[in-house]
Amino acid sequence: MLKFVFMLSFLMPLCFFYKGWWVVQSVLFLAAMIYMTEVVLEAEIVKLSYFMGYDILSYGLILLSFWICVLMLLASESVYRSKYYEGMFVFFIVVLLFMLFMTFSSVGLFSFYLFFEGSLIPTLFLILGWGYQPERMQAGVYLLFYTLLASLPLLVGLFKIYGIYGSLYMGMLGSMSLHNLLFYLCLILAFLVKMPMFLVHLWLPKAHVEAPVSGSMILAGVLLKLGGYGLVRVYMMLVSLGLRFNFVWISISLIGGVLVSLICLCQSDLKSLIAYSSVAHMGIVLGGMMTMTVWGFSSTFTLMVAHGLCSSGLFALANISYERMGSRSLLINKGMMNFMPSMAMWWFLLSSSNMAAPPSLNLMGEIGLLNSIIMWSWLTMFTLMLLSFFSAAYTLYLYSYSQHGMMYSGMYSCSMGYSREYLMLLLHWFPLNVLFLKGEVWMIWL
C-alpha cells in the first residue's frame, strides 16, 4: 500500500514541470495497471500496514478512482491546450486521487473520516477554478455546507465510540452493536448526504452543472461512492437499529427516485439531465443497501462501480458536444448524428448501459438490488416498476433528442471526434461491459 502512497506523493511536484501533464498521465496509467496486479478477492482486510489495508470492496473502489482520474486527464485536454493553469489543474487531480486512495484504504474510522472530508477540498478548487459559469461560487458553497454540516455529527459519534470501545479499527467493530437512535443518526447522516439521498440531493446537480468535465467525472464516478462505502462500513455496528429504522430511508429513496426521474424528463441541459439520473440510480443503491440483506450489500458494490464508469462516460460525452457547440442545451445539441455519426454510436452504447441494458454491469447490479428490495417488501414493486420505466424513458429522451432531428442552423463546421476522445470512451465502456463476464467476483464478495 505504501508504494502507491509514495508514487502519488512524488507525482505532485512533477505536475509543475514543463510538459508534466503527459508524464503524470502516463504514470497514472502505469499505477492503475500495477494496482490491477495487486488483486484481492477476500472480504477480510489484507495487506495490512499501520493504518492501511484493503478488502475487495476497497480494492474495487480504489481501482475505479485510479481509472477515472486518468480518464479525467484524457477528457480535459482543453485545459492543456488553452494553457489555463494546467500545472495546478493536474496537481489538484493528483491530490484528489491521493485523498481517495487513503479514504478507501484506511482501516481506522477516524483516518477514514479525515480523508473523506479532505477529498472535498481539491473538488472545491476544481469547481471554483475551472468551472464554466459565474454561479460556480454558489455551487461550491452548496457542496461545502451540505457535506460539512452533516459530517460534524459523524465526528462526534466516532469520538464517542472511541471513548466506549477504545478502538476505531474496522475489523474489531463488526461484533459490536449500538442501540442508541442518536448514534444511528449521527453515523449515517453524513453518508446519506454524500450519496446523495433524495431531499438532501440539491448540492449535486448544482455542483455537476457548474463543474468542469473533470469535476463532473470524479463527482459522479467516485465521490458519490464514498457515501455508499461509508454506509457499508458503519452498518456493521448498526444491524439491530438498521432493522428497525431503515424503512424510512428506503421509502424516501424509492419515492425520491421516481420524482427525480420525472425531473429528468423536464431537463433541457445535457449535464443537468445526467446529474439527476445519478440521483435516481443512487436512490436504488441506497434502498438495496438499507434492506440489510446479502443481495443488497453485494449488488450495492456492483452498481456503484458500474454507475461510476457509466455516468463518468456520459459526462465526458456531454463535454465533447459542449466543446464543439459551445452550449449544453438540448435545443442546440440536436441532430448530432449528422456530423458526428461515429460519436452517435458511443452515445448509444453508454446510454444503453445507463438504462441497465445487457450485457452491462449495471444490469447485474440492478437485478440484485431489485431482488433485495422486493424481498424486503413486495409493496416496493410499484415504485421499482416506475423507476425502471422512467430510467429507460429519460435515457431514450437524452439519446434521441441529442442525436436525431434537424441540426441547429447557427452551427459552424465542427471537427469529428479525436482519437483521444474515442480512446477515453472505449476505456469507459469496455470495463463496464466486460466485467459482467466475471460476475461472481462482484456478487459473492461477501
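- With rounding to the nearest 0.5 Å, the separation of CG in Leu309 from CG in Leu314 is 11.5 Å.
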Passes ring pair (Phe, Tyr, Trp, His ring centres under 6.0 Å), Phe436 versus Trp442? Steps please. CA-CA 9 Å; Phe436 188 82; Trp442 307 95; over 10 Å; no
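- Contact detail for Leu387 and Ser261: the closest heavy-atom pair is CD2-OG, 3.9 Å.
- For the pair Ile127 and Ala211, the tightest heavy-atom approach, listed with the atom from each and the gap, is CG1-CB, 3.8 Å.
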Apply side-chain hydrogen bond (donor to acceptor under 3.5 Å, both in side chains) to residues Tyr113 and Ser106 and explain how you reach the verdict. CA-CA 9 Å; Tyr113 174 84; Ser106 290; over 6 Å; no
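- Heavy atoms only, all atoms of each residue included: Ser277 and Asn354 are closest at OG-ND2, 4.0 Å.
- Between Met72 and Val213, the closest side-chain pair of non-hydrogen atoms is not below 4.5 Å.
- Interatomic distance, Leu219 CG to Lys225 NZ, rounded to the nearest 0.5 Å: 9.5 Å.
- Here the CG-OH distance, from Leu273 to Tyr401, works out to 12.0 Å after rounding to the nearest 0.5 Å.
- Using cut-offs of 30° and 60° for the angle between ring planes, the Tyr184 and Phe245 rings count as tilted.
- Glu323 places no side-chain N or O within 3.5 Å of a backbone atom of Ile320 that could act as its donor or acceptor partner.
- Of all the heavy atoms in Ala275 and Phe315, the pair that sits closest is N-CZ, 3.8 Å.
- Side-chain contact between Leu97 and Val94 is absent, with no heavy atoms from C-beta onward closer than 4.5 Å.
- A 4.5 Å side-chain heavy-atom check between Leu363 and Met355 finds every atom pair outside the cut-off.
- Ring pair Phe98/Phe115 is perpendicular by interplanar angle, where above 60° counts as perpendicular and below 30° as parallel.
- Formation of a donor-acceptor pair under 3.5 Å by the Thr123 side chain with backbone atoms of Ser119 is found in this model.
- Between Tyr146 and Tyr142, the ring planes are tilted. Angles from 30° to 60° get that label.
- Under the side chain to side chain donor-acceptor pair (under 3.5 Å) criterion, Lys160 pairs with no residue, sequence neighbours left out.
- The heavy-atom pair separating Trp347 from Leu270 by the smallest distance is CH2-CD2, 4.1 Å.
- Ring geometry, Tyr59 versus Tyr35: the interplanar angle falls under 30°, so the pair is classed parallel (tilted spans 30 to 60°).
- A 4.5 Å side-chain heavy-atom check between Tyr322 and Asn319 finds at least one atom pair inside the cut-off.
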Verify ring pair (Phe, Tyr, Trp, His ring centres under 6.0 Å) between Phe110 and Tyr162, making sure each step is shown before the conclusion. CA-CA 9 Å; Phe110 182 70; Tyr162 186 73; 8.8 Å; no
Verdict with supporting geometry, Asp55 and Lys47, salt bridge (Lys or Arg N to Asp or Glu O under 4.0 Å): CA-CA 9 Å; Asp55 57 2; Lys47 302 273 174 87; over 6 Å; no
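- Classification of the Trp21-Phe89 ring pair by plane angle, with boundaries at 30° and 60°, yields parallel.
- Atom OH of Tyr165 sits in a crowded spot, with more than 12 heavy atoms from other residues, nucleotides or ligands closer than 6.0 Å.
- A donor-acceptor pair is defined here as one N or O able to donate and one able to accept, closer than 3.5 Å; no such pair exists between the side chain of Ser377 and the backbone of Ile373.
- When ring centroids are compared, Phe112 and Tyr229 come within the 6.0 Å threshold.
- The shortest heavy-atom contact between Thr395 and Ser351 is CG2-O, 3.0 Å.
- More than 12 heavy atoms of other residues, nucleotides or ligands shown are found within 6.0 angstrom of CZ on Phe29.
- Residues Tyr235 and Leu241 have side chains not in contact (no heavy-atom distance under 4.5 Å, counting atoms from C-beta outward).
- The closest side-chain heavy-atom distance from Tyr54 to Ile45 is not below 4.5 Å.
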Could you walk me through whether Ser105 and Ser58 pass the side-chain hydrogen bond (donor to acceptor under 3.5 Å, both in side chains) test, one step at a time? CA-CA 6 Å; Ser105 60; Ser58 316; over 6 Å; no
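- Judged by the 6.0 Å and 45° rule, Lys194 forms a cation-pi pair with Phe116.
- In Leu149, the CG atom is not crowded: 12 or fewer heavy atoms of neighbouring residues, nucleotides or ligands sit closer than 6.0 Å.
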Before you tell me yes or no, could you show the steps for Tyr80 and Trp22 under side-chain hydrogen bond (donor to acceptor under 3.5 Å, both in side chains), namely the whole-Å CA-CA distance, both residues' side-chain angles and the distance that decides it to 0.1 Å? CA-CA 10 Å; Tyr80 179 74; Trp22 306 113; 3.1 Å; yes
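- Counting heavy atoms from C-beta outward, Ile188 and Leu154 have side chains that stay 4.5 Å or more apart.
- You'll find the ring centres of Tyr276 and His208 outside the 6.0 Å limit.
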Derivation and outcome, side chain to side chain contact (heavy atoms under 4.5 Å, CB included), residues Met385 and Phe389: CA-CA 6 Å; Met385 281 190 319; Phe389 172 73; over 6 Å; no
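- Thr293 places a side-chain N or O within donor-acceptor distance of the main-chain N or O of Gly296, the cut-off being under 3.5 Å.
- Using a 4.5 Å cut-off on side-chain heavy atoms (C-beta onward), His428 and Met217 make contact.
- In this structure a side-chain-to-backbone donor-acceptor pair under 3.5 Å is missing from Ser111 to Val107.
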